[in-house]
Each structure stands twice: as C-alpha cells, then as structure tokens.
Amino acid sequence: MISIGDIDLLTCLILFILGLGAFILSTISGGGGALVLVPLLNLLIGAKATAPALNLGTFIGRPVRLWLFRNDIDWTISAYYIPSALFGSILAGWLFEKTNIGLLQVLAGVFLISTVFQYRFGKKQISFPVKKHYFFFLGFIVTFISTIIGAVGPILNPFYLNTGISKEKLTGTKTANSFFTGIFQISSYAFFGLLNNNLWIFGLSLGLGATIGNIIGKSTLNKMTEKSFRVWVIAMMVVSGFVLIIKQLR
C-alpha cells in the first residue's frame, strides 16, 4: 500500500469516498450517514479512533452545509441547544476512557427503530408534541452520547420533526447546532489528549468527502417533497437503530 510516514494513502482515499457517500445520504435524510459509518470505521481505523476521527471529519464538512442552509436556521432552537451541548461534550470527554457505551447504544437503537411505528411508516406528520425549550435538555444528552459513540444524530430527528419545521429548516437548524457542538467536541478531545496526528489526517480525509457530499445532497433535497423527506428520515432512523444494536451485540 502507498503510504507517507505512518499514513496509509489507501485508507485516506477510502475515508474520502465513505465521507462523500455518507453525507449525500445524510443531507437528504436529516442525518444518519455518519452513524452508518461507525462499524466501517471500527474495521478500518479501530474502535477507539472512530469517535474522534468521525466527529472531526463531520465537523470539517459542516461549514459548507451551514452556508448552504444559512437562511433555513431556527436560531430559537439553537439558543436552547448549544449552551447545554457544551457541558455534555466536556463531561463526555472526561469520561471517554471510562464509559461502557453498550447500554447507551442499545437504548438509542431501540428508540430509533420505534420511530417507524410512531410515524406510521411516514403517514403521520407528528408523533408527539415538542416544545422548543426541550432542546436544552436534548443538547446535553445527545452531545454526551455522540461524543462517546461518535454519531447519534438521527436520535434528534423525531424531536425536530415534531416541532413541525420544514425539511430545509430541520437540516439547517440541525447543522447549526452540530457545528457548534463539533467545536466543543473537538476541543474536548484535544484537551484530554485524545487526538493524534493520524486522527487529524483521517478526519481531514472524511471531512473533504463530506464537504462534497453536502453540496450534492443539497441539490437533491431541494427536489424532494416534505413527505418523501419524512419517509427518508424515518428509514434512516430505523437503519441507524439496527446499526447501533447489531454493533453492540457483535
């Protein structure tokens, strides 16, 4: 294999392609592409490297998506979500080496799979009412879990959908929240010494693919109806739920 120093260029190319495909899918389904990458990255770069590299790669790809959806952000939701996400990332960074994530993965997986029944296979627009201030608590919980696992973005989708916002606003608001959460997560990894040179290169490879995937995904999303988008979101949540549970069982 071609390599420069300790970096395998084939691995970087594979990460680029995975980032490209995952974030086309992520943009048209409200997230979940990164979570699908978790078992693949476990095999490719190792379980301990997966969460830092994946969060770094998705963070690198977010500025482009943030710009693409800059007019579709509901900042009132972000005002609740972002402050609590800071505390969730700090606590998770501190507990990263000490936490057994098995139960967290299984619970998150069961919740995601249940959404197909909550929304009656996409026929129902809202499954339970959600107020915007709920995102203060969600910011802490979801950021804590995602900092340890590497990606649980779809777990937020039912809450976004149940506020009644449009597909563009869901993607835009979620991107803004994820962008600031990413700053907290990367800072937390760096402060607790969880990032090394290889992880920065792996994250950059993923991030470059994610950047292009976001651009392609945006043009596809514009052509989708709200119902089609909701069906894609639910399908991705179910797939993500199975990924989490199967990964833990294995």
Side-chain angles (χ1 to χ4, degrees), residues 17-42 50 54 57-58 61-62 65 68-69 72 77 104-130 138 141-142 145-146 149-175 177-178 206 209-210 212-250:
I17 294 170
L18 289 175
L20 173 65
F23 281 84
I24 293 174
L25 179 62
S26 179
T27 305
I28 65 173
S29 61
L35 182 56
V36 174
L37 289 180
V38 169
L40 299 175
L41 296 188
N42 284 345
T50 292
L54 185 55
T58 54
R62 281 182 189 129
R65 188 188 284 189
L68 291 171
F69 291 93
D72 299 304
I77 291 177
L104 292 177
Q105 288 184 334
V106 171
L107 291 175
V110 170
F111 173 73
L112 288 169
I113 293 171
S114 74
T115 57
V116 72
F117 305 106
Q118 294 176 38
Y119 288 93
R120 297 177 185 172
F121 302 90
K123 296 178 181 178
K124 195 174 180 181
Q125 288 187 319
I126 294 176
S127 61
F128 55 88
V130 171
L138 291 168
I141 296 168
V142 174
I145 297 173
S146 68
I149 296 177
V152 290
I155 204 169
L156 277 171
N157 286 347
F159 300 96
Y160 283 113
L161 286 173
N162 287 332
T163 64
I165 60 178
S166 67
K167 64 183 191 295
E168 289 84 7
K169 278 192 174 294
L170 186 155
T171 305
T173 306
K174 191 174 181 182
T175 299
N177 293 344
S178 298
L206 270 173
I212 298 173
N214 286 329
I215 295 170
I216 298 172
K218 173 65 162 64
S219 64
T220 305
L221 182 65
N222 290 339
K223 302 171 185 175
M224 295 174 66
T225 64
E226 292 289 343
K227 184 176 180 180
S228 296
F229 176 72
R230 189 164 62 251
V231 170
W232 272 93
V233 170
I234 293 167
M236 200 64 212
M237 287 191 288
V238 173
V239 170
S240 299
F242 278 113
V243 168
L244 283 172
I245 293 173
I246 292 170
K247 178 174 176 289
Q248 180 56 30
L249 292 177
R250 291 182 61 186

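Nothing fancy with the numbering, it's 1 onward along the sequence. Nothing here was measured: the structure is a model prediction, and the numbers come from that model.
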Determine the minimum heavy-atom distance between L206 and L41, stating which atoms define it. CD1-CD1, 3.9 Å
Under the 3.5 angstrom rule, does the side chain of T173 hit a backbone N or O of K169 as a donor-acceptor pair? yes
State whether the side chain of E226 and the backbone N or O of S166 hold a donor-acceptor pair below 3.5 Å, judged by distance alone. no
Taking ring-ring contact (aromatic ring centres under 6.0 Å, His included) as the definition, give me every residue that meets it alongside F111, ordered by chain and number, with sequence neighbours left out. F159
Quick one: CG on L161 to CD1 on I234, what's the gap to the nearest 0.5 Å? 7.0 Å
Heavy-atom nearest pair, G57 first then A210, reads O-CB, 4.4 Å
For W232 and I28, work out which heavy atoms get closest and say how close. CB-O, 3.7 Å
Give the minimum heavy-atom separation between I212 and L20, together with the two atoms involved. CG2-CD1, 3.6 Å
What are the two closest heavy atoms between S240 and L112, and how far apart are they? CB-CD1, 4.0 Å
Please report the interatomic distance OG1(T220) to CG(L25), rounded to the nearest 0.5 Å. 11.0 Å
What residues form a side-chain hydrogen bond (donor to acceptor under 3.5 Å, both in side chains) with K218, not counting sequence neighbours? N222
Closest non-hydrogen atoms of S178 and R62, given as atom of the first, atom of the second and distance, are O-NH1, 3.0 Å
Given T58, T27, T171, the one that forms side-chain hydrogen bond (donor to acceptor under 3.5 Å, both in side chains) with R65: T27
Mind checking the CG-CD1 spacing from L221 to I24? Nearest 0.5 Å is all I need. 13.0 Å
Keeping the roles fixed (side chain from K174, backbone from L156), state whether a donor-acceptor pair exists under 3.5 Å. no
